[in-house]
Number of protein chains: 2
Amino acid sequence: MKAHLLYVEDDESLSFVTRDNLELQGYQITHCDNGATALEIIKNNTFDLCILDVMLPEIDGFTIAEEIRKNNNEVPIIFLTAKSLKEDKIHGLKLGGDDYITKPFSIEELILKIEVFLKRSKINIPQELASYDVGMFNLDYPNLALNQNGTSKSLTQKEADLLKYLIENKNAVIKRSAILKSIWGEDDYFLGRSLDVFISRLRKYLKADETVKIENIHGVGFRLKG
Amino acid sequence: MKAHLLYVEDDESLSFVTRDNLELQGYQITHCDNGATALEIIKNNTFDLCILDVMLPEIDGFTIAEEIRKNNNEVPIIFLTAKSLKEDKIHGLKLGGDDYITKPFSIEELILKIEVFLKRSKINIPQELASYDVGMFNLDYPNLALNQNGTSKSLTQKEADLLKYLIENKNAVIKRSAILKSIWGEDDYFLGRSLDVFISRLRKYLKADETVKIENIHGVGFRLKG
DNA sequence: TACCACTGTTAATGCGCTGTTAATCAAAGA
DNA sequence: TCTTTGATTAACAGCGCATTAACAGTGGTA
């Protein structure tokens, strides 16, 4: 679902390039070049974010912001202006604006600021990022769970740490010392024995899938194939 | 309930007056003048907003922001700096910062920006209207009541806070430290013992429904199943 | 001022889980 | 063959947790 942005700006060449850039970023842009049209548009539309040039002929950006706020206290508003006077910044913020970018601005900065506010207005924060796949298994790291088609096995923190580390380095040879330093924080002989025990346990958990294997590289370390 | 702000700034005279102003606004300020101390503080505390000076001796504001983001993607971060270089602004925003104020700044602007972000982080949690269901129970949070088909048990504020937090994170593993920081504001050994007592009390309240359970994840935290 | 009710913290006790260690056997390399 | 390295299982010590009870701080009330 594309975010829908209102962009009010009277400078034709600037608005062309900015709009182009924003659409390239995947936003849906409604642009208009004067305040009166903007007021018409906001009557019948809702947006996810508004970018308002302050210096417009006739009806300025502040006025548009006031109108928007009469019906909507939520939508983020970013002002755009050539002036960088302190008083203007404050005025914009007091009207219920959220940020203030002075021209000339970099498009990258504008995009980043847009994302800051869109991020905050969304309730959905998919936490699937911390999920790791190997073979038929899925490691749900934050929940310390190893899932395989329906069933779920709960792991201890260290088991999950180690398995995550192995999956992150899947199909590569990992030295014993690297694992120990990363998971246990240090590397000595006895921790090496512990590591062996953990590898053994993980092998047991993973043995339902023949294609997934923790191989030993003699004298070096391990490799998770999968 | 006062908003709790972290303010990291090494300029003594500036931080004094700024802190003074912010406290006058009704914020609770935790100030420190160097990065190392800041990193210690964020380990055991959560804040509603962070204001970080970028130019600090040894550990800079960007580094602090990175550390904060490792555990918390939500808290707004405002950078404060003498430099107004485009690259710095973009760098800060990419790290997960929310805004960038260049010195010298007016205290009024800072306060307005703080309010912008505090307002938005509260909008994300429109809790007062929400009622929380788990199993056969319904938590009426504003009234501190736990209802189950007709009968009602009244809770203390902290009991309700904790239960609300658990329900919001239902079926996910929640770290002890996360709970403590969220409900108690900080994380130390003795508060951990208190948490255990509260968990025990909640279990008693919830035991009428077999399908609802607060599980312990050894060495990690808890999970409310239901 | 003394008393009581209510909350949240601290203390005490016993149980259970986790990670380490030990012991034994198997595999690999010299 | 002999030595080193790894695999697996079992047992153990210590820490983390659950629960109950006692305690301290707060505010209300007579």
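Just so it is clear: chains get the letters A, B, ... in the order the sequence lines come, proteins before strands, and each one is counted from 1.
Within the structure, the ring pair (Phe, Tyr, Trp, His ring centres under 6.0 Å) test picks out no pair touching residues 138-174 of chain A (sequence neighbours left out). For residues 212-226 of chain A, the pairs satisfying side chain to side chain donor-acceptor pair (under 3.5 Å) are A:Glu215-A:Arg223, with sequence neighbours left out. Applying the salt bridge (charged side-chain N to carboxylate O under 4.0 Å, His left out) test to every pair with at least one member in residues 29-40 of chain B, sequence neighbours left out, gives these pairs: B:Glu40-B:Lys43.
In terms of the side chain to side chain contact (heavy atoms under 4.5 Å, CB included) criterion, residue partners of B:Val116 (sequence neighbours excluded) are, by chain and number, A:Leu93, A:Asp98, A:Phe117. For B:Leu155, the side chain to side chain contact (heavy atoms under 4.5 Å, CB included) partners two or more places apart in sequence, or in a different chain, are B:Leu139, B:Leu146, B:Lys153, B:Glu159, B:Ala160, B:Leu163, B:Tyr205. A:Asn138 meets the side chain to side chain contact (heavy atoms under 4.5 Å, CB included) test with A:Ser131, A:Asp133, A:Asp140, A:Asn147; sequence neighbours excluded. By the side chain to side chain donor-acceptor pair (under 3.5 Å) test, B:Arg203 is found to be paired with no residue, residues two or more places apart in sequence or in another chain being considered. Residues passing the ring-ring contact (aromatic ring centres under 6.0 Å, His included) test with B:Phe198, sequence neighbours excluded: B:Trp184.
A sub-4.0 Å separation between OP1 or OP2 of D:dG6 and a side-chain N or O of A:Arg176 is present.
Looking at B:Arg19 and B:Glu9, no side-chain N of the basic residue comes within less than 4.0 Å of a carboxylate O on the acidic one, giving no salt bridge.
Rounding to whole angstrom units, CZ of residue A:Arg203 and P of C:dA26 are separated by 16 Å. The interatomic distance linking B:Ile199 (CD1) with C:dG8 (C1') rounds to 15 Å, in whole Å. As rounded to whole Å, 14 Å separates atom C1' of D:dA7 from atom CG of A:Leu202. For the pair B:Ile179 CD1 and D:dC17 C1', the interatomic distance rounds to 13 Å; values are reported in whole Å.
Residue B:Met55 places its CE atom among 12 or fewer non-hydrogen atoms of other residues, nucleotides or ligands, all under 6.0 Å distant.
If you check the side chains of B:Ser13 and B:Asp11, you find a donor sitting under 3.5 Å from an acceptor. No side-chain N or O of B:Asn21 forms a donor-acceptor pair with one of B:Thr18 less than 3.5 Å apart.
Near DNA chain D, meaning a heavy atom under 4.0 Å from it, residues 204-226 of chain A has A:Lys204, A:Asn216, A:His218, A:Gly219, A:Phe222 in order of number.
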Close N/O contacts between protein and nucleotides 19-25 of chain C (under 3.5 Å):
| unit_1 | atom_1 | unit_2 | atom_2 | d |
| --- | --- | --- | --- | --- |
| C:dG19 | OP2 | A:Thr156 | OG1 | 2.8 |
| C:dT20 | OP1 | A:Trp184 | NE1 | 3.2 |
| C:dT20 | OP2 | A:Trp184 | NE1 | 3.1 |
| C:dT20 | OP2 | A:Ser194 | OG | 3.3 |
| C:dT20 | O5' | A:Ser194 | OG | 3.4 |
| C:dT20 | O4 | A:Arg201 | NH2 | 3.3 |

**OP:** Applying side chain to side chain contact (heavy atoms under 4.5 Å, CB included), run through B:Leu39 and B:Ile42 and close with a yes or a no.
**Re:** CA-CA 5 Å; B:Leu39 293 181; B:Ile42 61 176; 4.0 Å; yes
**OP:** For each nucleotide in nucleotides 24-29 of chain D, reading 5' to 3', give B when a protein heavy atom comes within less than 4.0 Å of its base, S when such contact involves only the sugar-phosphate, and - otherwise.
**Re:** ------
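Rounded to 10 degrees, the angle between the two end axes of the helix from C:dT1-D:dA30 to C:dA30-D:dT1 is 30°, with five pairs used at each end.
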